[in-house]
Amino acid sequence: MKVKKKTAMLVSFTLGTLLLATTALADIATKSGYDQLKDALKVTAEQSSEKFDSFTMDLSIAMKDNGKTLMTENEIRKYNRSMSATESLSSGEDLTRGKHNSQVYLDKTTMIRVSDSDPTYYVTEFTKERKEETFSNPFKENRAEDIEKIADAVVGSLKDHVVVTENPDGSKGLAGSLTEVQIPSLVNAVASFQMKQEFDGRQDNLPHLTKDVFVKEVKGTAKVNKDGVLESILGTAQLSGIDDQGTVHEVTIEVLGKLSGINSTTVTKPDLSGKTVIKNIANSDNSSSEITSPEKFVGKFKNDILIEKNNKFVKVGERFIEISQIDNETVTGRYYEVFKPGYEEYTTPNRDFAINAKRANEKNSSDYEYTTSSGIKGNLFFDQYAGKIFLNGRTPSLGSLIFDSTFNPDVE
Amino acid sequence: MAVFQAALVNEIEKLYKKKKALVAVLLSLAVIVLGQLVIVGVRSGFGLRGAGSLEFPMLVLSVVVNTVLPLFTALVAIDSFSGEFSHNSMRITLTRPVSRFKIYTAKITAIVIFILATLLLLLVFSMLVGFIFNTNSATLDSIVRTLFSYIVSLFPMIVLALGIVLLANLFKSGISVFFVSILIFIVLKVLGVVFSQYSSLFMTTQLDWYNLFLVNSFPLGKIVRQFLIMLGSGIMLFTAGLYLFDKKEF
C-alpha cells in the first residue's frame, strides 16, 4: 500500500511535468496572429529600406459620419531608392475646404512642389547633395525596441484576436475584429476620450460629440505575400456618440495602406517646360546655420528711434548699423544713432561704437558676439531669409525710448 | 465517498464560520459599487460611455481576478493549512478516521467552492448593476460570452490556490507564506510584461485567459494549450503539496 501511494504520486507528478513542458514548448513555438503581423511589418520595413530598388506606397484615409463622407485623404508615394528620388501625389476632399491635391518631387539635388490651388512650380535646388535616405526603417530607430515592448504589453491579451489564414501559394491573410465587449474598458475609455477631443465642435465639419462616446468596433485585415511582405492593410474603427442635439452619430474611420510596384515603379521628374517656375536655392544641410554669400549684408541697416508721447509714437531719430566686412567667421562695422533736430536731449552715451564681432563657438549658433570699447557685450544675428539684422546688446536704460532690435537694410 | 463528503462539509463549515470569506464577499461587492461610481463619474465628467451593460461585468472581472480574488484565495488557503498547523487544530482533524489524501482533497475542494461562489456572486451582482445603471448593449452572444468568462476564470484561480497550498505546506508561518505568495505574484506579473512572448506560461497571465473566450474566431488551439498548461501545473502543484502534507508530522 505504501509503495503504491508513492508510485502514484511519482507518476502523477511526472505526468504533470510532461504535460506542462510539452504544451509550453508547443505554445512558444506557435506564433500568434499578432506576432505574424508584427513580423510582416518588420520584413516590409526592412525590405523597403534596404532591398527594393523602387516601390509605391498608397495610403488612404476616409472618415464617415452616419454614412456621409466627411473627409477623404489619399497619398501615393513612389520611391526610387537607387536614384534617391521620391514623388508623392496627395489628394483629398473635405466638407469645408472642398477638393485639393498637390504634388511633391524630391531627389538628391532638387525639390519641386506644385498644387492645384497655385499652378506655379516651386523649385528648390540644393547646393549640396542631400544625404538623407529615401525610406528609413522605422524599426531601426533608437526607441523602436522600447515602443515595441510597450505595444506588446498594451496589446496583451488581445493578441489572439488576430486570425491567420494561409493560402496555398504561400501568401497569408490576417484578420481581426474587436467589438465593445472585447475591448478592455480602460483602452476603450482612453481611446474614446482621445477621439472625443477631436470631435469637440471646434471644426465645423465634424459632429460635436458630447455624450455616451465609445469605441464600438475595431476591425482590420491585412495581406502578406509569399515573401513575408505586407501588401495591403485595412483598418476600420467605429466610434459612437451623441451630439448636443441628441442625435446619435456613428463615425467610421477607414485607413487603407498598400504596397505595390516592387522594383517596377518609375519616379518621373515633373516636366517644367512651359510652366511658371519659381526657383530658389537652399543649403540642403538644415542643421548648418551658415549664411550663403554673406557679402550681401555689407552696407547700411537702420531702424527708427521712437518715443511714446501724448499717446502717439513719435520718431525722434534713427539707429544705424554699418557693416563694412562680413564672412562666416567675423563681422566688422559700426553702430551709431542719429537724432532729429530738437530731440538731441534723448542722446545716450556709449551709443556709438565699432563692432568687431566673432562667430560664437557653440555649435548651431549663428550669433556673432562683440564687446564694445566701453565693455558692453552684445550679439548680432543675420537673418538671411528675412534680410534683417537682429541686435541684442545689454544696453543701459533707455528712458522713454522704445528699443527695437530689428534692423532693415537701408537700400535707398 | 461518504467519508470524503463528511470531511468536505466539515471544511466548508470551517470556512463559512470564519470572517474571511464574508470579508472577501463584501470586498468584491465593494469593487462593483466603486467600479460603477467610477463609470458614472467618467460618463458625466468626460461624456464617455465608460461601459455598457455587459462591458461592466467584464470590467469588474478584469479588476477582481487580478486583485481581490487572488488575495482572498491566498488568505483562505493559508488559513485552511498554516492556520490549522499553528493552532494545532490540524491534529483534531487528523484524528478522524479519514486518510490524509481525503483531508487534503476536501480542503482544496472547499477552497475551490469558495472561489466559485465568489465568482458567481460577482457575476450576478455585476450583471444586475450593469443592467440597472448602464446603457443596454447586450446581445445573446455577449451574455453567453460573459457567463463563460466568469466560469473559466475558476481554473487559473484553482492553480493559484494549489500553488499557495504548496507554499503553506513548505513554510511554517502563515505570514511568510502570504508574503512569499505576493512576491511571486508580483514577480510573475512583471516577467509577463518583460518577456511578453513567453507570458502565456506564467500563472498570472493565465488569470486573464478568459479573454480567449471573448475572441470572435474562438481560438480553440490556444485555449486547449492554455488549459493543458494549467492542468499540467495544477497536477504538479497538487502532487507536490500532497506529498508534503502526507509527510508532515504534527
Side-chain angles (χ1 to χ4, degrees), chain A residues 5-6 8-24 26-28 30-33 35 149-150 152-153 155-163 175-186 188-190 192-193 195-196 209-216 240-242, chain B residues 35 39 42-44 46-52 54-56 58-59 62 101 135 137 139 141-142 145-146 149 192-194 196-201 205 208-212 214-217 219 221-240 242-243 246:
Chain A
K5 196 155 129 196
K6 256 199 179 141
M9 270 193 204
L10 207 68
V11 167
S12 87
F13 191 80
T14 329
L15 202 76
T17 321
L18 283 175
L19 199 59
L20 178 66
T22 44
T23 24
D27 195 64
I28 292 171
T30 356
K31 275 203 164 161
S32 68
D35 285 322
K149 279 237 161 75
I150 294 168
D152 285 352
V155 171
S157 56
L158 300 180
K159 276 177 197 173
D160 304 295
H161 286 267
V162 184
V163 184
S177 91
L178 289 172
T179 54
E180 274 176 276
V181 189
Q182 292 148 350
I183 305 169
S185 296
L186 188 67
N188 197 333
V190 172
S192 19
F193 186 66
M195 292 314 293
K196 199 181 161 243
L209 303 180
T210 49
K211 265 195 309 190
D212 210 27
V213 181
F214 67 101
V215 179
K216 200 171 183 188
S240 174
I242 298 172
Chain B
I39 295 293
V42 165
R43 191 173 302 150
S44 52
F46 297 110
L48 308 176
R49 173 175 273 195
L54 270 177
E55 286 82 73
F56 185 67
M58 294 317 300
L59 176 67
S62 69
F101 171 73
T135 328
S137 64
T139 56
D141 178 60
S142 54
R145 280 173 194 272
T146 311
S149 304
V193 174
V194 178
S196 55
Q197 68 267 47
Y198 306 118
S199 65
S200 56
L201 308 183
T205 329
D208 293 323
W209 89 308
Y210 65 85
N211 281 308
L212 292 175
L214 295 176
V215 178
N216 285 341
S217 55
K222 182 80 182 169
I223 289 176
V224 169
R225 283 199 300 277
Q226 285 279 292
F227 182 74
L228 288 181
I229 288 175
M230 279 192 281
L231 189 68
S233 37
I235 292 173
M236 274 171 71
L237 292 169
F238 182 87
T239 326
L242 176 62
Y243 176 75
D246 201 45

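Throughout, protein chains are lettered first and strands after them, A, B, ... in sequence-line order, and every chain is numbered starting at 1.
For the atom pair B/Leu228 CG and A/Leu20 CG, the distance stands at 10.0 Å (nearest 0.5 Å). With values rounded to the nearest 0.5 angstrom, A/Asp160 atom CG is found 12.0 Å from B/Trp209 atom CH2.
A salt bridge is absent between B/Arg43 and A/Asp212; no separation between the charged side-chain nitrogens and carboxylate oxygens falls under 4.0 Å.
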Return all side-chain donor-acceptor pairs below 3.5 angstrom for residues 231-240 of chain B, not counting sequence neighbours, or 'none' if the list is empty.
unit_1, atom_1, unit_2, atom_2, d
B/Ser233, OG, B/Ile229, O, 2.7
B/Ser233, OG, B/Met230, O, 3.3
B/Thr239, OG1, A/Ser12, OG, 3.0
B/Thr239, OG1, B/Ile235, O, 2.5

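Within 6.0 Å of NZ on B/Lys222 lie more than 12 heavy atoms contributed by other residues, nucleotides or ligands.
With a 4.5 angstrom heavy-atom cutoff, B/Leu212 touches chain A only via side-chain atoms. Residue contact with chain B, scored on non-hydrogen atoms closer than 4.5 Å, is absent for A/Ser240.
For A/Lys216, the salt bridge (charged side-chain N to carboxylate O under 4.0 Å, His left out) partners at least two apart in sequence or on another chain are A/Glu250.
The heavy-atom pair separating B/Leu242 from A/Met9 by the smallest distance is CG-CE, 3.8 Å.
Highest contact tally toward chain A, considering only B/Tyr243, B/Phe56, B/Phe101, is held by B/Tyr243 [criterion: heavy-atom pairs under 4.5 Å].
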Intermediate values then yes/no, side-chain contact (heavy atoms from CB on, under 4.5 Å), B/Asp246 and A/Lys5
CA-CA 10 Å; B/Asp246 201 45; A/Lys5 196 155 129 196; 3.1 Å; yes
